[in-house]
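Shown next, in structure tokens, is the structure this report addresses.
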2 protein chains.
Amino acid sequence: MASTGTARGPYRTGIRRREQIVAVAVEVFGELGYAGGSIRTIADRVGVSHATLLQHFGSKEGLLTAVLEEWDRRAFENGLSDVSGLDYFRRLPQATTAASGNRGLQELFTTMAAEASSPTHPAHAFIQRRYANQFATLAAHLQRAVDAGDVAPLTADQINLEVRLVTAVLDGIGLQWLLDPSTDVTASAETYITRTIAAWGAGG
Amino acid sequence: MASTGTARGPYRTGIRRREQIVAVAVEVFGELGYAGGSIRTIADRVGVSHATLLQHFGSKEGLLTAVLEEWDRRAFENGLSDVSGLDYFRRLPQATTAASGNRGLQELFTTMAAEASSPTHPAHAFIQRRYANQFATLAAHLQRAVDAGDVAPLTADQINLEVRLVTAVLDGIGLQWLLDPSTDVTASAETYITRTIAAWGAGG
């Protein structure tokens, strides 16, 4: 977002307006759900017209995608952008906990991921792509750890299974945190990661 | 359900009708979601009146609860009713895979669990209770394994964390299976359980 600071006039206003709409959409979808949160409610809260909002996002589905991308971006910025290999996995508990700080986004993402498994859902393609990207990113970091000799060799199938398990644990803990905010997300995730890295070191 | 065989007349008809409505509700909620699946659609497919359906379940929320209870009952009957202690955990991958066989129920349950985190959701109390029961059941089996000397001693906090992790993995894998039916639920769950039991044996 460094370019925002140097942008001028209408362009900068457009970026700010877009960010503002996404922020409000996060709140509204978080409160009322995707089905219940209307474009009109979001436009009213931002103080723009329905037409202006659609000009930025094309449709309600486009806005949903922007909101879910914002969720991923925030999780990534929460300390994952400067680590690789095993350190990436070691940093996941902290990044997950920080992302959980936004209840609206966590609830929206978890609900969408479940609902969007239906091929007719507007967020289906986004969710499929998002999981594929997540698996590919984790697999690349695990492969890097193997190549560096930080963990014992793993086959492609084993790496695939490991990255799916890590993702499952983080998703499942996120769900428990939604249901019970006293859930210790960090402790759960750290226990899993520590134990898993130990198992990888011992030969996968 | 052994009593069904000996029940007579209207009582037996009532039980069968109830089971039939739940089965159709599973289909309809699975296809159209909870919001989209109306009581009228379900009643029409069963071939009963709206009034008859409400007579059995009181409300749409009552029907939803019956459907979610059916999901838990099926998972339990899929091989968990005759095992305890560590064997209960060893059997979980198989039971989870069998439960995943019903896509409609898996999708409904996963979506509901996420949506129902909101205190105003009709299934909120059911989902809270369902997770509390799940954690209590798993904790009792793990405590039994500790008492039998099958795993090293664990504090109450450690047991609480372990049962939440197991639940998170199974929920997360269920979600991945919804998004990608080629997901190997059994292999993922078995890897997790085997590794976890090894870690418990080594001192938690």
Side-chain angles (χ1 to χ4, degrees), chain A residues 30-36 103 106-118 120-121 124 127-128 130-132 135 157-158 160-162 164-181 183-185 187-192 194-196 198-200 202 204, chain B residues 30-36 103 106-118 120-121 124 127-128 130-132 135 157-158 160-162 164-181 183-185 187-192 194-196 198-200 202 204:
Chain A
E31 279 169 39
L32 306 171
Y34 176 65
R103 184 176 178 86
Q106 175 80 50
E107 187 173 331
L108 181 67
F109 177 75
T110 308
T111 309
M112 278 302 117
E115 284 183 3
S117 62
S118 163
T120 57
H121 192 280
H124 184 67
I127 291 286
Q128 298 266 31
R130 190 263 176 192
Y131 272 85
F135 295 153
D157 280 354
Q158 285 172 324
N160 183 41
L161 189 145
E162 295 295 343
R164 283 167 171 269
L165 272 180
V166 170
T167 304
V169 169
L170 299 182
D171 282 350
I173 294 172
L175 174 60
Q176 287 175 32
W177 176 80
L178 280 181
L179 293 165
D180 172 8
T183 300
D184 192 338
V185 174
S188 298
E190 276 178 354
T191 298
Y192 179 78
T194 303
R195 185 177 289 168
T196 299
W200 288 342
Chain B
E31 280 169 38
L32 307 172
Y34 176 65
R103 184 175 177 85
Q106 175 80 49
E107 188 173 329
L108 181 67
F109 176 76
T110 307
T111 309
M112 277 302 117
E115 286 184 1
S117 62
S118 163
T120 57
H121 192 280
H124 184 68
I127 291 286
Q128 298 266 31
R130 189 264 177 193
Y131 272 84
F135 294 153
D157 280 353
Q158 285 173 323
N160 183 41
L161 189 146
E162 295 294 344
R164 283 168 171 267
L165 272 180
V166 171
T167 303
V169 169
L170 300 182
D171 282 349
I173 295 172
L175 174 59
Q176 286 177 30
W177 176 81
L178 280 180
L179 293 165
D180 173 8
T183 300
D184 192 336
V185 174
S188 298
E190 276 177 354
T191 298
Y192 179 77
T194 303
R195 185 176 290 168
T196 300
W200 289 341

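Just the heavy atoms: all of them, side chains too, but no hydrogens, waters or symmetry mates, feed the values below. Lettering follows sequence order; numbering is per chain, from 1.
Only the side chain of B:Y131 comes within contact range of chain A, judged by heavy atoms closer than 4.5 Å. If you measure heavy-atom distances from B:L178 to chain A, the contacts under 4.5 Å come from both the backbone and the side chain. Only the side chain of B:D180 comes within less than 4.5 Å of a heavy atom in chain A; its backbone stays farther off. Heavy-atom distances place the side chain of B:I127, and not its backbone, under 4.5 Å from chain A.
Atoms OG1 and CD, from A:T191 and B:E162 in turn, are 6.5 Å apart once rounded to the nearest 0.5 Å.
A:T183 and B:R164 make their closest contact through OG1-NH1, 3.0 Å (heavy atoms, listed as atom of the first residue, atom of the second, distance). Scanning all heavy atoms of the two residues, the minimum distance from A:Q176 to B:T167 falls at NE2-CB, 3.7 Å. Closest non-hydrogen pair, B:R195 versus A:A199, comes out as NE-CB, 3.3 Å. Scanning both residues, B:L161 and A:S188, for their nearest heavy atoms gives CD1-N, 4.0 Å.
No side-chain heavy atom of B:T110 sits less than 4.5 Å from a side-chain heavy atom of A:T110. At least one side-chain heavy atom of A:L165 sits less than 4.5 Å from a side-chain heavy atom of B:V169.
Heavy-atom pairs under 4.5 Å with chain A were tallied for B:A116, B:A114, B:P181; the largest tally goes to B:A114.
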